[in-house]
Amino acid sequence: MTVQPSLADRRPAFLLSIGIHNQVLFVLVIVAVAAVALSGFVGEAPNRLVSGRPVPLWAAAGPLLAAGIALLGAALAVASLIRPSRTLHCAVAVFAAALLLFVLAAAGEAAGLLARSASPASRISLGPAFWVLAACAALAVGDALQRLDAGIIAQLVTVVGIASGMVLMATVGTFDALSLAKEYEIHRQVFAEAMARHMTLVGASVGAAAAIGFPLGVATARRPGLQGPVFAVLNILQTIPSIALFGLLIVPLSALVTAVPRLAAFGVGGIGVTPALIALVLYALLPVVRSTSVGLTGVDSAAIEAGRGMGMGPGQIFREIELPLALPVLLAGLRIVTVQAIGLAVVAALIGAGGLGTFVFEGLGQYAVDLVLLGALPAIFLALGADFMLQILTAALRRRFAL
Amino acid sequence: MIEIDDVTKYYGDRRVVDRLSLTVPAGDFCVLLGSSGCGKSTTLKMINRLIAADAGQIRVGGEDIATVSTEQLRRRIGYAIQSIGLFPHWTVEDNIATVPRLLKWPRARRGDRVTELLELFRLEPETYRGKYPHQLSGGEQQRVGVARALAADPELLLMDEPFGAVDPLTRDDLQAELLRIHRAMKKTIVFVTHDIEEALRLATHIAMMQEGRIAQLGSPIDILEHPASEFVADFVGRQGIGLKLLSVRKIADRMRPGETAEGEPLSLDTSLRDALSAMTTRRTDRLPVCDAAGRKVGAIVLADLVR
């Protein structure tokens with residue numbers, strides 16, 4: 001039996017296919033539109049201590065960029081309603097990436113325009129509409145890449161493209177009038193040091209945790225009897241709040257330095273880098289040990305039996321079979337640990353370890369949000385960057401070993 | 001040649017192998033047959049010392065295996081298992097060349113050996129050598145597993161239910177291939193299975209095992225015709241024993257040389273069971289027989305099958 005098309009269905013084919021095909025993108029567009037309509041894109045304050053007067057996007061940015069943002073937003077809204085295809089996802093990725101860069105440029109431009117008519121002490125900070133818009137654009141890029149099932153190269157190209165756009169804008173001074181940039185200008189010298197210190201803290205603690213945790217993980221995989229006690233201790237360590245752990249380490253370390261004064265020459269002390277490193281290592285141990293143990297016990301026992309049966313020695317089996325097969329899980333553990341350490345190292349500034357946390361706590365003390373952001377944003381980008389790099393490494397290894 | 005001499009193995013208090021003695025002559029295809037827990041797998045694994053014997057001595061080629069380093073010993077004994085255990089992160093080529101690499105064969109010789117083995121197992125070398133295990137079917141994986149066991153041309157091949165996990169059709173193919181390879185290469189094979197049909201088809205000798213001991217050792221026909229105990233008779237199966245006998249005997253045993261018959265000829269190494277099946281479907285009581293070259297050499301007659 002054939003169904004006669006009703007009158008209503010004699011629309012052109014492309015109209016028939018209209019519907020909310022990409023719910024994620026649709027919601028992102030709605031959220032972004034609502035944020036732009038209801039909140040300030042930038043805030044203008046007479047000085048850094050008082051909170052600002054919100055200025056909406058259309059009033060703050062120049063007509064060209066505002067129109068560009070509106071057009072890209074409209075294009076993405078339309079894209080969410082069309083039947084999806086690879087070409088469409090590609091277009092969404094490109095549009096959303098462009099939108100992200102436009103939003104950044106608009107923020108810089110808005111700040112520049114507002115600054116012209118304001119006093120030198122005034123501060124132009126980023127408003128809720130900016131953050132929501134930027135986040136929605138970034139999420140749309142990520143979602144489109146996921147729908148495309150994009151490979152490592154495509155992801156890398158996208159990230160590098162957006163990042164170099166941001167760097168380019170920063171170098172030509174697009175953001176100079178923003179309060180965040182002003183805070184950076186003031187703290188320029190200290191910032192580089194803090195950044196270096198932060199990365200050192202993370203690198204050293206992750207390295208040390210790997211050096212201690214890896215053998216421990218191997219031991220627990222070999223002797224299941226060890227798993228109970230080892231994981232019990234590490235789990236307890238993990239539940240201690242970080243601030244408390246930093247505090248708890250002050251007493252024994254001070255006592256140690258008093259007892260062996262020569263240690264102070266090596267930088268050991270109740271406060272500063274030593275307790276921070278110890279705490280970061282202790283927190284990193286559980287994920288490292290757990291992923292090593294899980295990775296090794298997950299290796300197909302038939303492969304190990306076959307290896308033994310063919311005359312491979314224990315060392316050969318470990319290096320050539322167990323380790324490569326466990327590596328993706330190991331790297332996943334390392335990823336968790338690195339991201340976690342980048343976040344925890346912020347708190348370590350409390351006990352004088354330095355790092356990006358210095359700005360966060362200073363900003364909290366002065367109620368200066370931009371100073372907090374100066375510490376928090378780089379930490380977030382560091383974490384995202386490390387996560388991304390390790391993800392790529394894991395994917396490359398998986399591909400290499402066809403796992 | 002393998003000589004297992006008064007060997008015992010305990011798991012805790014349980015004696016899984018109980019003062020077992022068995023001699024497997026060179027070139028023999030010996031099947032250790034029994035139900036699960038009878039000690040057949042343990043016996044096999046004691047030959048390459050994956051499991052250490054608690055008492056007794058095992059000699060391979062006259063040499064006490066306890067006096068050789070385990071790695072050296074295992075590199076000269078092929079080993080294939082039911083779960084195959086191919087290394088998932090290595091290509092077929094690297095998997096097959098495992099033992100040659102351990103023995104430090106030069107690269108070119110390893111490559112040649114891989115080509116030779118893939119051809120032996122009817123896997124097109126250039127298609128298969130670069131593949132990863134997960135790209136192969138179950139039957140192909142097991143072929144690669146057996147090829148890997150044969151890679152360094154070991155004098156002895158140990159196989160622990162290698163075809164237990166493949167479908168019946170593939171298993172049939174693999175059994176035929178193993179027989180062909182055994183005939184061509186004259187390896188000594190010790191093969192563990194719980195499948196009586198598989199044992200009857202493959203073995204030159206069956207060691208029927210029960211509670212860690214050998215209940216009977218003999219050729220497939222011996223075991224079928226003269227079961228040494230109630231246990232063996234039960235295991236072999238009282239039902240259909242006649243058909244099993246037909247399946248282990250070949251046309252060559254009962255052919256009337258020089259006689260002729262009508263129809264498509266059967267080959268000399270066809271089992272009598274298949275001959276009976278052919279007679280039944282073709283509604284005749286005699287069929288011509290040809291040799292490997294296809295020449296008619298005689299006839300097989302229904303009455304002779306049951307003689």
Side-chain angles (χ1 to χ4, degrees), chain A residues 149 151-152 214 217-218 221-225 291-335 390-403, chain B residues 41 44-45 47-51 68-92 94-104 130-136 141-142 144-146 148-152 154 156-162 165:
Chain A
D149 205 6
I152 302 170
F214 180 66
V218 174
R222 291 277 183 274
R223 293 166 187 273
S291 61
T292 309
S293 186
V294 168
L296 288 175
T297 40
V299 173
D300 183 10
S301 60
I304 296 171
E305 194 200 329
R308 286 209 316 137
M310 285 187 295
M312 293 172 98
Q316 280 169 324
I317 290 179
F318 184 71
R319 282 192 312 275
E320 296 179 17
I321 301 173
E322 296 185 281
L323 205 53
L325 290 177
L327 208 54
V329 185
L330 275 173
L331 282 177
L334 211 58
R335 228 176 90 199
L390 283 165
Q391 218 168 2
I392 282 181
L393 192 61
T394 312
L397 275 171
R398 273 182 197 278
R399 184 188 293 194
R400 161 72 184 78
F401 291 130
L403 293 176
Chain B
S41 235
L44 184 87
K45 285 177 184 174
I47 298 175
N48 65 0
R49 281 175 64 193
L50 277 175
I51 294 175
V68 197
S69 95
T70 49
E71 271 108 53
Q72 297 306 323
L73 175 76
R74 290 173 192 160
R75 286 172 197 179
R76 29 178 259 239
I77 298 179
Y79 185 57
I81 51 179
Q82 176 175 344
S83 40
I84 313 176
L86 293 182
F87 305 136
H89 56 309
W90 288 4
T91 59
V92 166
D94 291 341
N95 264 289
I96 292 179
T98 304
V99 181
R101 200 176 51 83
L102 291 172
L103 294 173
K104 304 200 167 25
K131 286 197 181 193
Y132 283 91
H134 68 94
Q135 299 169 306
L136 306 177
Q141 287 185 15
Q142 194 50 275
V144 173
V146 179
R148 180 173 70 171
L150 288 168
L156 169 61
L157 185 56
L158 305 179
M159 307 182 86
D160 194 354
E161 304 206 28

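Letters A, B, ... mirror the listed sequences (proteins, then strands); counts begin at 1.
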Select one option (side chain, backbone, both, neither) describing which atoms of [X] are under 4.5 Å from chain A's heavy atoms.
{"X": "B:I84", "answer": "backbone"}
{"X": "B:L86", "answer": "backbone"}
{"X": "B:T70", "answer": "neither"}

Does [X] reach the main-chain N or O of [Y] with its side chain, forming a donor-acceptor pair under 3.5 Å?
{"X": "B:N48", "Y": "B:R74", "result": "no"}
{"X": "A:E322", "Y": "A:V299", "result": "no"}
{"X": "B:R75", "Y": "B:A152", "result": "no"}

Please state whether the side chain, the backbone, both or neither of A:Q316 comes within less than 4.5 Å of a heavy atom of chain B.
-> side chain

Give me the ring orientation class for B:Y132 and B:H134: parallel if the planes are under 30° apart, tilted from 30 to 60°, perpendicular past 60°.
-> parallel

